[in-house]
Amino acid sequence: DAKTTQPPSMDCAEGRAANLPCNHSTISGNEYVYWYRQIHSQGPQYIIHGLKNNETNEMASLIITEDRKSSTLILPHATLRDTAVYYCIVQGAQKLVFGQGTRLTINP
Amino acid sequence: EAEVAQSPRYKITEKSQAVAFWCDPISGHATLYWYRQILGQGPELLVQFQDESVVDDSQLPKDRFSAERLKGVDSTLKIQPAELGDSAMYLCASSLIRSYNEQFFGPGTRLTVL
């Protein structure tokens, strides 16, 4: 499975866009990029996934570079409830391998 | 909205005792996963079921851990005997199919071994 690199922590002001980067330079052609988040004391929650094209849903947008070696998760209008650990995962071998993620803190 | 159910939510036990965790996945989800999450780390897959069959248990410490999903619906994860290092959050997840599909996680069982 391809390895991902994320900053350990980030801060963002409430109401602003939160942009969370992820590097996955060894990603293979058939591997998807998944994002999950984990709010304190809860199980992880699926956010979004993509292969090549940019994706958007009601929670977030996912921007994948053309060479697929990195991606950015965008929360367009962050709220205090978005404070969580965000995991970027490259799914291979049909299972998710979680790293340590980025601890995102939304400040009022 | 359908959810993955887990019980108990919290469990305190002494080392060398046996413990068991239960998971009821979302109805119709064929794939079920058990993860262990040590404080400060991401979840680690312990075992994956496709219906009633184990498809991946490569990270399951088989000398003390066992998992079953007898009828392909709910599942039980057992530890016997528990050790101090087993203190962690045990998470269950399910997905509709095995590949490239979002996983839905339960609230987890927090185990403390004294």
Side-chain angles (χ1 to χ4, degrees), chain A residues 1-9 20 22 24 27-53 55-60 62 64 68 73 84-104, chain B residues 1-7 9-10 21 23-26 29-50 53-60 77 88-112:
Chain A
D1 296 323
K3 181 180 172 61
T4 62
T5 303
Q6 298 179 255
S9 63
L20 291 89
C22 179
H24 32 78
I27 191 169
S28 299
N30 62 346
E31 290 180 318
Y32 283 71
V33 179
Y34 276 76
W35 283 83
Y36 281 74
R37 73 179 182 183
Q38 189 171 24
I39 296 169
H40 183 62
S41 297
Q42 297 182 20
Q45 176 191 23
Y46 165 84
I47 301 172
I48 199 167
H49 75 280
L51 183 63
K52 294 181 182 179
N53 301 319
E55 302 287 344
T56 296
N57 63 20
E58 65 278 4
M59 290 183 67
L62 174 60
I64 303 174
R68 301 208 328 122
L73 179 75
V85 178
Y86 286 77
Y87 297 100
C88 169
I89 303 162
V90 172
Q91 184 178 10
Q94 300 174 338
K95 66 181 182 181
L96 299 177
V97 179
F98 288 82
Q100 295 199 317
T102 295
R103 181 171 298 279
L104 175 67
Chain B
E1 184 175 302
E3 296 180 342
V4 175
Q6 289 190 248
S7 66
R9 292 294 309 277
Y10 303 90
F21 314 129
C23 172
D24 190 13
I26 293 173
H29 281 195
T31 311
L32 184 146
Y33 313 79
W34 282 102
Y35 290 84
R36 175 174 60 187
Q37 185 173 25
I38 296 170
L39 194 62
Q41 299 182 18
E44 174 194 18
L45 181 68
L46 292 175
V47 62
Q48 178 180 344
F49 289 90
Q50 180 66 29
S53 301
V54 173
V55 296
D56 186 348
D57 62 357
S58 56
Q59 300 303 311
L60 189 70
L77 178 69
M89 175 77 84
Y90 290 83
L91 293 158
C92 179
S94 69
S95 65
L96 192 57
I97 58 174
R98 191 175 161 200
S99 303
Y100 304 118
N101 197 258
E102 64 180 282
Q103 295 183 22
F104 294 81
F105 284 79
T109 296
R110 180 164 296 283
L111 173 68
T112 302

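Note that this is a predicted model, so its numbers are computed, not measured. So that the names make sense, note that chain A is the first sequence line, chain B the second, and so on, each numbered from 1.
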- Note on the structure: The reported gap from OH in B:Y35 to CG in A:L96 (rounded to nearest 0.5 angstrom) is 4.5 Å

- Query: Going from CD on B:E102 to CD1 on A:I47, what distance comes out if it is rounded to the nearest 0.5 angstrom?
  - Reply: 11.5 Å

- Query: Where does B:Q37 contact chain A at under 4.5 Å (heavy atoms): side chain, backbone, both or neither?
  - Reply: side chain

- Between B:L91 and A:P44, what is the shortest heavy-atom contact and its length? CD1-CD, 3.9 Å

- Item | Heavy atoms of other groups near B:Q41 CD, more than 12 under 6.0 Å | yes

- Query: Relative to chain A, which segment of B:F104 carries a heavy atom at a distance below 4.5 Å: side chain, backbone, both, or neither?
  - Reply: neither

- Side chain, backbone, both or neither of B:P43 within contact of chain A (heavy atoms, under 4.5 Å): both

